[in-house]
S.K.: 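Pasting a structure here, questions to come.
Heavy atoms only: backbone and side chains are in, while hydrogens, waters and symmetry mates are out. Each chain gets a letter, A, B and so on, in the order its sequence line appears, and its residues count up from 1.
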Number of protein chains: 2
Amino acid sequence: MMYPANPIEHLQRYGIKPSPQRIAVMDYLLSSRVHPTADEIYTALSPSMPTLSKTTVYNTLKLLVEQGAVLNLGIDDRNARYDGDTTPHAHFRCLKCGTVIDLYPHQVEGLELLNHKQLGNLRIAETRLYYMGYCEHCQNTANNTMHMD
Amino acid sequence: MMYPANPIEHLQRYGIKPSPQRIAVMDYLLSSRVHPTADEIYTALSPSMPTLSKTTVYNTLKLLVEQGAVLNLGIDDRNARYDGDTTPHAHFRCLKCGTVIDLYPHQVEGLELLNHKQLGNLRIAETRLYYMGYCEHCQNTANNTMHMD
DNA sequence: TTTAACTTTGTAACGATTACAAATATAGAA
DNA sequence: TTCTATATTTGTAATCGTTACAAAGTTAAA
């Protein structure tokens, strides 16, 4: 659903100087589509980048979000989850296992109607559509607990 | 936009035994439409209910959300914000002053199309639509900072 | 009343995130 | 190259919203 873009080009497109740490974080977000938390990113990158600090992951994510290169999804109460795909799409979170899944316009009837630039007196900069429910796996499983809710 | 329902009836409709503290929290959520944080609720109720504990506010909000009597809006990264109106509507948050505003179906074209019960293999229990941008006041003000973002 | 169940309360803990200042790396000028 | 200013990264300590826990208080039914 995404062309796994070059992380360096992606960073530069948003005016971010590509350091090794930033490239690693951006690359992970572009290739992994699991909408990881900061901690999950740190854990994933740490082995291949042993000097990486968790603060750097937080700093980098903050910068990426500020510059619009990455989305900070507000779909999970517990932690921030990040998405490297900035094209318009919605998200689903499973209330049982916590998995977050992308939903693209062709999968959600009515999605393309929502990108209002103005609503009454309000100037709109960003639109977020979240669905919560049960994924296929958790519908078919009596007991399943990864990270509950 | 809401009939400020009786808090006791509202609690009972959702199977919650109405204690004085629960009534106070529910009443505040039904009448104040500012989508308060737990702390704001505590601060607002504390003067007229001096023995109230902040833990009780958290406990009560947790119960109300679990029972579906109240919505925990995920629209604000910093704190949870609560909404006593459980009818389908969207929310807007101003990126400058932080105000959260209700958007009812007649104000948002396409909103009523989104209440899918099923999306592919996913069973949907809840839908959330958030808009972020600048409210009328903050569009017309050079410098305005309540709680920044 | 007595008793069991429920509710509230205050304190202490938790955990995600941020502040801060020192250490390191980078890039351009000399 | 070497120097120097600037940007970046790092580790530790702090912050702050929220939750755990256990004691105290309340309620309602027997």
S.K.: Any donor-acceptor pair under 3.5 Å between the side chain of Thr55(A) and the base of dT12(D)?
M.R.: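 Counting by modelled atom types and ignoring angles, a donor-acceptor contact under 3.5 Å is found here.
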S.K.: Would you please say whether a donor-acceptor pair under 3.5 Å links the side chains of Asp27(A) and His10(A)?
M.R.: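 Checked: Asp27(A)/His10(A) side chains show no N/O donor-acceptor pair below 3.5 Å.
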S.K.: Check whether the side chains of Tyr42(A) and Ser53(A) place a donor and an acceptor atom closer than 3.5 Å, and report yes or no.
M.R.: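 No - no donor-acceptor pair under 3.5 Å links their side chains.
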S.K.: Quick one: does Leu73(B)'s side chain get under 4.5 Å of Arg128(B)'s, heavy atoms only?
M.R.: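 A side-chain contact under 4.5 Å exists here.
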S.K.: Just N and O in the side chain of Tyr58(B): are any of them under 4.0 Å from OP1 or OP2 of dT19(D)?
M.R.: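 Answer no for this pair, as no side-chain N or O of Tyr58(B) is under 4.0 Å from OP1 or OP2.
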S.K.: With the sugar-phosphate defined as primed atoms, P, OP1 and OP2, and the base as all remaining atoms, what B/S/- string results for nucleotides 24-30 of chain D, 5' to 3', for protein heavy atoms under 4.0 Å?
M.R.: -------
S.K.: Ignoring hydrogens and angles, state whether a donor on the side chain of Tyr104(B) or Asp85(B) is under 3.5 Å from an acceptor on the partner side chain.
M.R.: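 Yes.
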S.K.: Using a cut-off of 4.0 Å on non-hydrogen atoms, how would the nucleic acid contact of Thr37(A) be classed: base, sugar-phosphate, or nothing?
M.R.: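 Answer is nothing: Thr37(A) stays at 4.0 Å or more from every strand.
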S.K.: Which part of the nucleic acid does Asn59(A) contact within heavy-atom distance under 4.0 Å: base, sugar-phosphate only, or nothing?
M.R.: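 Result for Asn59(A) = base.
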S.K.: Compare all side-chain heavy atoms of Leu111(B) with those of Pro88(B) and state whether any distance is below 4.5 angstrom.
M.R.: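 Of all side-chain heavy-atom pairs linking Pro88(B) with Leu111(B), none is under 4.5 Å.
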S.K.: Taking any atom closer than 4.0 angstrom to a non-hydrogen atom of chain A, what span of DNA chain C does the protein reach, first nucleotide to last?
M.R.: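 The contact span of chain A on DNA chain C goes from dA16(C) to dA19(C).
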S.K.: Is it the case that His35(B) and Asp76(B) place a side-chain donor and acceptor less than 3.5 Å from each other?
M.R.: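 On atom types as modelled, these side chains do not qualify, holding no pair under 3.5 Å.
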